[in-house]
Engineer: 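Structure provided below as C-alpha cells; questions to follow.
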Amino acid sequence: MAAAGPSVFLLMVSGQVESAQFPEYDDLYCKYCFVYGHDWAPTAGLEEGISQITSKSRDVPHALVWNFPIDVTFKSTNPFGWPQIVLSVYGPDVFGNDVVRGYGAVHVPLSPGRHKRTIPMFVPESTSKLQKFTSWFMGRRPEYTDPKVVAQGEGREVTRVRSQGFVTLLFNVVTKDMRKLGYDTGPSDSQGVLGPSPPQGLPP
C-alpha cells in the first residue's frame, strides 16, 4: 500500500533582528511579532519577542546593534497569508517616557537560504499642530494599540505617517515538503543555511 503524501508543509525561520539606524535617537529596544493567515499555525519557537536596550556604537556612528535572535517554525496547507514579521522600536523621550520610534513590516522571504532585509520604519503623526503639541507636552505620542495593523492594509489609508529610521533583519529560511505539495520556491526546496551568521556589515 502506497504511503500517503504530506498534507502540510513546514516553514522554518531563524536569524536575527540585527541592527538599526535612527540618527536622532539612542537607547532603543525592539519588539517583534509574526502575522500570518488562517491556514498557518506555529509549531515551535517564539512568534513574538522583545530585545534588550541598545546604545549607539562608537565604532559605527548612528548604528544600534541588537543581534536579537528569531527562531520559529510554522506549518500550513496553503501559502496564502505567508507570514510577515512586524517590528516596533521604542525609546525614551525628553521626559523619560517610552514612546514609539518606528513601525515596519516585511514578509518572510519565499525562497530557502540566507536573506538580508533593510526595512524602512515609520511613525504615525498627529493630524493637527495642536494635537502635536499636546501629545509632546503630555508625553503621549500617537501609536497603534495593536502593532499587527502595520501588516494589514485595512484602515491604513487614513493614517498619516512619517518615515523615520531603518532596521536590518537577517533571515535563514528552510522549507519542507512544499515541492511535494506542488509549490516551487526555487532551486533548493528543503535546503537552507542554519549555521552561525558570519559578521555582517551595517547598511550604508
Side-chain angles (χ1 to χ4, degrees), residues 2-20 29-51 66-90 100 102-122 124 143-159 161 166-197:
S7 59
V8 298
F9 63 82
L10 297 178
L11 172 67
M12 291 156 270
V13 184
S14 62
Q16 59 190 18
V17 183
E18 192 174 77
S19 60
Y29 64 93
C30 179
K31 294 180 181 179
Y32 77 83
C33 63
F34 283 93
V35 177
Y36 43 86
H38 297 298
D39 295 326
W40 292 77
T43 61
L46 297 172
E47 53 180 314
E48 56 184 36
I50 181 169
S51 77
W66 287 302
N67 289 334
F68 186 66
I70 301 167
D71 190 5
V72 66
T73 300
F74 296 98
K75 69 176 181 181
S76 181
T77 57
N78 184 350
F80 180 77
W82 192 270
Q84 298 181 65
I85 186 169
V86 175
L87 300 171
S88 312
V89 176
Y90 296 86
V100 68
Y103 293 107
V106 68
H107 280 90
V108 172
L110 295 171
S111 58
R114 185 185 303 279
H115 305 269
K116 194 170 188 176
R117 298 284 186 269
T118 299
I119 306 169
M121 307 293 281
F122 65 89
E143 62 180 89
Y144 298 117
T145 52
D146 182 2
K148 291 183 178 180
V149 73
V150 173
Q152 297 153 3
E154 192 174 342
R156 284 280 308 282
E157 68 277 1
V158 297
T159 307
V161 299
F166 296 88
V167 173
T168 300
L169 291 176
L170 192 68
F171 292 104
N172 295 313
V173 177
V174 179
T175 59
K176 184 175 186 295
D177 292 332
M178 286 194 75
R179 195 178 292 278
K180 290 180 183 177
L181 290 171
Y183 302 113
D184 184 5
T185 60
S188 54
D189 188 29
S190 80
Q191 302 291 317
V193 183
L194 287 177
S197 169

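Start at 1 with the first residue, then count along the sequence.
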Engineer: Show me the side-chain donor-acceptor pairs of residues 31-39 shorter than 3.5 Å, one per line, residues at least two apart or across chains.
Structural biologist:
residue, atom, partner, partner atom, Å
Y36, OH, E47, OE1, 2.7
D39, OD2, N78, ND2, 3.2

Engineer: Please report the shortest heavy-atom distance between A20 and W66, naming the atom on each side.
Structural biologist: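 Where A20 meets W66 most closely, the heavy atoms are CB-CZ3, 3.5 Å.
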Engineer: Taking all heavy atoms of F166 and all of P120, pick out the closest pair and write down the distance.
Structural biologist: CD2-CA, 3.7 Å
Engineer: Are side-chain heavy atoms of V17 and I70 found at a separation under 4.5 Å?
Structural biologist: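 A side-chain contact exists here, since the closest heavy-atom pair is under 4.5 Å.
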Engineer: Among residues at least two apart in sequence or on other chains, which ones pass ring-ring contact (aromatic ring centres under 6.0 Å, His included) with W40?
Structural biologist: F9, W82
Engineer: Could you tell me which residues satisfy side chain to side chain contact (heavy atoms under 4.5 Å, CB included) with D71, sequence neighbours excluded, listed by chain and number?
Structural biologist: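 Applying side chain to side chain contact (heavy atoms under 4.5 Å, CB included) to D71 gives S14.
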Engineer: A side-chain contact here means heavy atoms from C-beta on lying under 4.5 Å apart; do K176 and V174 qualify?
Structural biologist: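 With C-beta onward as the side chain, the pair stays apart.
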Engineer: What heavy-atom pair brings V150 and A105 nearest, and what distance separates the two atoms?
Structural biologist: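 Looking at all heavy atoms of both residues, the shortest contact is CG1-CB, 3.9 Å.
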Engineer: Please round to the nearest 0.5 Å and tell me the distance separating atom OH of Y103 and atom CZ of F122.
Structural biologist: 8.5 Å
Engineer: Which distance, rounded to the nearest 0.5 Å, do you find between the CG of N67 and the OG of S51?
Structural biologist: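 Taking CG in N67 and OG in S51, the distance rounds to 10.5 Å.
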Engineer: Report the distance from atom CG of L169 to atom CD1 of I85, rounding to the nearest 0.5 Å.
Structural biologist: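 Between atom CG of L169 and atom CD1 of I85 there are 5.5 Å.
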Engineer: State which residues pass ring-ring contact (aromatic ring centres under 6.0 Å, His included) with F171; sequence neighbours excluded, sorted by chain then number.
Structural biologist: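 Listed in chain order: nothing, the list is empty.
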Engineer: Looking at CE of M121 and OG of S88, how far apart are the two atoms once the value is rounded to the nearest 0.5 Å?
Structural biologist: 7.0 Å
Engineer: A side-chain contact here means heavy atoms from C-beta on lying under 4.5 Å apart; do Y183 and P79 qualify?
Structural biologist: yes
Engineer: Evaluate the criterion side-chain contact (heavy atoms from CB on, under 4.5 Å) for residue pair V173 and L11; output intermediate values, then yes/no.
Structural biologist: CA-CA 7 Å; V173 177; L11 172 67; 3.7 Å; yes
